[in-house]
Amino acid sequence: PRDPPDAEFSRIELLKKILPREVLRQQFTIERFIKIPEEVRDRYAIIGRPTPLMRAKRLEEYLDTPAKIYFKFEGATPTGSHKINTAIPQAYFAAEEGISHVVTETGAGQWGTAVALAASMYDLSSTIFMVRVSYEQKPMRKTIMELYGGKVYASPTDLTEFGRKILKENPNHPGSLGIAMSEAIEFALNHNFRYLVGSVLDVVLLHQSVIGMEAIAQLDELGEEPDILIGCVGGGSNFGGFTYPFIGAKKGKKYIAVGAAEIPKFSTGKYEYDYPDTAGLLPLVKMITLGKDYVPPPIYAGGLRYHGVAPTLSLLIKEKIVEWREYKEEEIYEAAKIFMKTQGIVPAPESAHAIKAVIDEALKAKTEKERRVIVFNLSGHGLLDLGNYESIRRRVEK
Amino acid sequence: PRDPPDAEFSRIELLKKILPREVLRQQFTIERFIKIPEEVRDRYAIIGRPTPLMRAKRLEEYLDTPAKIYFKFEGATPTGSHKINTAIPQAYFAAEEGISHVVTETGAGQWGTAVALAASMYDLSSTIFMVRVSYEQKPMRKTIMELYGGKVYASPTDLTEFGRKILKENPNHPGSLGIAMSEAIEFALNHNFRYLVGSVLDVVLLHQSVIGMEAIAQLDELGEEPDILIGCVGGGSNFGGFTYPFIGAKKGKKYIAVGAAEIPKFSTGKYEYDYPDTAGLLPLVKMITLGKDYVPPPIYAGGLRYHGVAPTLSLLIKEKIVEWREYKEEEIYEAAKIFMKTQGIVPAPESAHAIKAVIDEALKAKTEKERRVIVFNLSGHGLLDLGNYESIRRRVEK
Amino acid sequence: MKRMLVTYMTLGYPNLESFYQFIEKSVELGTDILEIGLPPKYAKYDGPVIRKSYKAVTSWLKDYITPLKEVRKKVNIPIIILTYLEDYLSNLDNFLTTLHEIGIDGVLFPDLLIDFIDEYEEYVSKIKGKGVKTVLFTGPSLPDNLIIKASRISDIFLYYGVRPTTGIIIPVSVDSLITRVRNLVQNKLVVGFGLNDFNDLRKALSAGADGVAIGTAFIEEIEKNGIQSALQLVKTIRGILDEYS
Amino acid sequence: MKRMLVTYMTLGYPNLESFYQFIEKSVELGTDILEIGLPPKYAKYDGPVIRKSYKAVTSWLKDYITPLKEVRKKVNIPIIILTYLEDYLSNLDNFLTTLHEIGIDGVLFPDLLIDFIDEYEEYVSKIKGKGVKTVLFTGPSLPDNLIIKASRISDIFLYYGVRPTTGIIIPVSVDSLITRVRNLVQNKLVVGFGLNDFNDLRKALSAGADGVAIGTAFIEEIEKNGIQSALQLVKTIRGILDEYS
């Protein structure tokens, strides 16, 4: 990470002020293995970890493939996605430091939900700045955060100087992730609260590696050797969390990162220093990026609209250790429907991207008559994304 | 079951025409154990059975109780509730009989969702008559049914004579469960399809007993002897499915059925012959009932608004083998919030009734200084009921 | 051991003349016990065929005493009256005395163990006290211990209805139902309710039923093809029963 | 074995007179190697304190050659120039030749292994070819095998920055970081980047660092309390280093 040229303030210094100390330590650690504190393991057990590793038997049958397909189901956690895996340790480290309150921003709401729950698990208060347009369009996400005890505000708010400035210019400003994040950070700084980060940073990928670590143990128990590992990429935390343990243990022959064709970062992104956040408050990191000011089209998988790729994953892609795919949302929707009808689970639109790649690889295994073992991360369920499904249904099936 | 006096047609004969043959056979069997067909076990595995039996450790800590609290989590299935447990075998038996299409009605949508998925798992078509007012107010439920491949109609429809008659009288009729069911049955009869039943009937409780059978095995594995078993009661199928195996195996000392104080069937219902369905199309059964024409108030736990109690459960209550409780929705809401904050799971509003009783029993164990083992059935998650939570929040927290 | 044929007919169906003819001939053809239905107000546990027969006769049959006397005169085998206790709650003594005077052997109230379960023993004493035998009606929905108790006090035989209602062939596993109840019952076991399928009949006998009660099948046969055809059915069933003797 | 003190100072900070004074005295007080920073256009890997010092001097310091010559005259110990390769891409040969002529011992480009990783070996050859030593800069974000390779070709010592930037005390486990890298490195290992906490300093030495590079701490001290106080700090740190000799 580096500070931008002629920075008015040091982003690295800001990190130090807003992140829980241990989170920051882990961000910059070089230890290969970090013990999960007992208090975090406890909470992991409560949210249902280890999550199940399931075989997609009916999908195999439907595709008539010799491949075996397994998936790690992160949607089995109460908040319905992998996000909780990092929210818990981050909240814990804040609590350990004697902090009473954590703050974050959220767009579609998954991350905010995870933070609200994680905070409640350590008896912390939580404040979530939710992009106004989502706040209005996704009232259920607001409800669930509040049920978990989170205080949710439609950003821009008048709680921060930054928010007040924007409201003054436009009282009906719809908000943006960048604005919400700026407000969250300002709010945390002003009150000596701590800010929790949802993706991209190494420390987040580290926490998410519980997914891959569990999956390795579960496959071992089944006596399976994985050939292909697949995940979708928003910022890269579910993908990294799932695949890095396999890569590190030299398990698997192929790792496939899947993105949305509508946000073509793998195919057209540049590998350069960029801000991980649209607000430009975090230090620059070297990554594959479409530029922080890139305006993504409104695809139905909101979580994949991120402009960059986590630095470590960017490097693995540059080094050709990880392959990538990009699919169009019509293809994704078809893949999601196949999965729903065969396996019953409504996948998160993001996770459906992984499913599309799985289907392609399974059909390739069929053509090549190879009994490959394909394992993918189903990073979340789509029960709170049915509105998005409805919108794509209208577009695709009209 | 009996036909009503001066019946124009025999309800028992109707059952024979609309239910899959094997479903009817199981309804009237006296075998204590019925083998689950391999093809049903397969699908159970796909939907994640056995569902987890989890310890509510943080709830115990929160209540500071010497009791151990476990719960069977039926919300872990893809459709989010126990309903799928009977939809699968019913769809299977229809498919086995060579039927191509199954039909049902749905109110809030849980049952319709389960039927749509179960049908898709055996490559059957499905038609679901959804009460118009729910169809309009719960569009996400409609979306998920359609994603599973179900054909969903807002009832009353012009697809049936019954529906046409009602529409002629009032083209904007909001619909009712009774009307939807009448349409579903007429539709099934006209096309030689089969009708699937969601609760109350013995055969449904039989299918649901997979919950209790699994729970017994899971507790055995943990070396736990249950003292108290608790479930909520809508029609009685999740309660019966969960507790009957324990009662039959003489495991447990106390069984508690929990209902809503707003629908006071346990406290004021009569034990008499009544129609299990508001349409009056099914045979009369002897049960605790508020009368099929009882109009329940609009509480937030829609699934508990049913007027009766499954006949077998009614008898067990009359015989004082099963105890009952009734709680007001404000109490339920508080219990749900405690559970959410301690265990992270948003319970279905129905299941939250069980949680309230669990909390009371755990506090009683504390007062009495007894290390009791309390096990309850968390029959579903509430992720698709957040609108209901929002509505009760407004009422209670205003 | 000879298996019993319990032949049911609604009193006066389809008309008095044919009714008497059917009764007499069926006895000749091997009926062991006659079961005669008195139309109740609400035939809770009867299927549509028998209900229709009730309806048919109640339109003209106002007096049950005379035809019952006539039947008693014509046949020597035991006669059991099937009707619902519910209709006689206010004048049970009277009703029983009348039956006794006519020479009817017993009564079968299908609602006794279901709708009057809390007081059934008192009713049984009362019935027996009036010199009338009582055949108890049981079925799969009753608990085992109740069936055991009922079988001990039931006169002539214990009636076991394999289906929830008469005449509607709900798919049930007749053999396993009967194997199970056979082990509970020391008394003679007569099986009925929807046994008009010969397969089911054989299954019931193989599984140890001491007899079968047939009703709907005869009424349907009369309805469709007339008395002679119904009597032919009596003969056929008698033949099947005798295979198991 | 004596542990090395690498003392950093931005060229000309806070003014030429004080700068010379600090350099001379710090060598007297036990500095083993001087590291002198030439303000770059974009100080990517420097923290706010050092960045501020760059800013302060660039406002008036237009020529780096004269003051460097002066320093070279004043001290005998090795002098390393810290600056960013990025700024010299177009005139690297020239720059290196100038340094060599002045008598500078070596250069340290912190961006070499990060931003020019694909061509770093060519650059190292080129630098050495001009008679200038090259001290390679590494840190925790570089892969082990790169650190091993770099340590083999780094002159004088291998620089290891424990934190992502200078002067900001990001919480890292200094001891485990150094224990780990110590096992990879045969060369002398000098540790820097945010070592102004004595605890961290001791941890680094205990874990096997051959020396430490200190910069931000001196600049902050000058800023707050003046040159004498900064020199006092040099003395203190020298003392700590000597505890581990």
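Proteins come first, then strands; the chains are lettered A, B, ... in the order of their sequence lines, and each starts at number 1. Just so it is clear, the values below take in all heavy atoms, side chains as well, and ignore hydrogens, waters and symmetry mates.
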Check your understanding: Counting distance only, does the side-chain N/O of A/T104 pair as donor-acceptor with the main-chain N or O of A/I128 below 3.5 Å?
Key ->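 Not confirmed, A/T104 side chain does not pair with A/I128 backbone.
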In Å, rounded to the nearest 0.5 Å, how long is the span from [atom1] of [X] to [atom2] of [Y]?
{"X": "B/S100", "Y": "B/D123", "atom1": "OG", "atom2": "CG", "value": "11.5 Å"}
{"X": "B/K328", "Y": "B/E334", "atom1": "NZ", "atom2": "CD", "value": "13.0 Å"}
{"X": "A/S379", "Y": "A/E350", "atom1": "OG", "atom2": "CD", "value": "6.5 Å"}

Practice item. Go through A/R141, A/K337, A/M340, A/K142 and name the one with the most non-hydrogen pairs under 4.5 angstrom from chain B. Key: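 Option with the top pair count is A/M340.
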Is it the backbone or the side chain of [X] that comes under 4.5 Å from a heavy atom of chain B, or both, or neither?
{"X": "A/T143", "result": "both"}
{"X": "A/I345", "result": "both"}
{"X": "A/L383", "result": "both"}

Review point. Does the side chain of A/T127 pick up a donor-acceptor pair with the side chain of A/H101 at under 3.5 Å?
Key: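 Yes.
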Practice item. Sort out for me which residue in A/V396, A/D385, A/I392 forms a side-chain contact (heavy atoms from CB on, under 4.5 Å) with A/Y300. Key: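 Only match with A/Y300 under side-chain contact (heavy atoms from CB on, under 4.5 Å): A/I392.
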What part of [X] is in contact with chain A, defined as an atom under 4.5 angstrom from a non-hydrogen atom: side chain, backbone, both or neither?
{"X": "B/A116", "result": "neither"}
{"X": "B/I46", "result": "both"}
{"X": "B/L147", "result": "both"}

**Study point:** salt bridge (Lys or Arg N to Asp or Glu O under 4.0 Å) partner of A/E329, the single match among A/K356, A/R395, A/R393
**Key:**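 Of the listed residues A/K356, A/R395, A/R393, the salt bridge (Lys or Arg N to Asp or Glu O under 4.0 Å) partner of A/E329 is A/R395.
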Point to revise | Which atom of B/P52 lies closest to which atom of B/A76, heavy atoms considered | key: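 So the minimum-distance heavy-atom pair works out to CD-CB, 3.7 Å.
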Practice item. For chain B, find its close neighbours in residues 53-73 of chain A: heavy-atom separation under 4.5 Å, sorted by number, or none. Key: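 If one takes a 4.5 Å heavy-atom cut-off, the residues of residues 53-73 of chain A near chain B are A/M54, A/R58.
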Check your understanding: Do the rings of B/Y389 and B/Y333 sit parallel, tilted or perpendicular, given the 30° and 60° boundaries?
Key ->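 B/Y389 vs B/Y333 ring planes: tilted.
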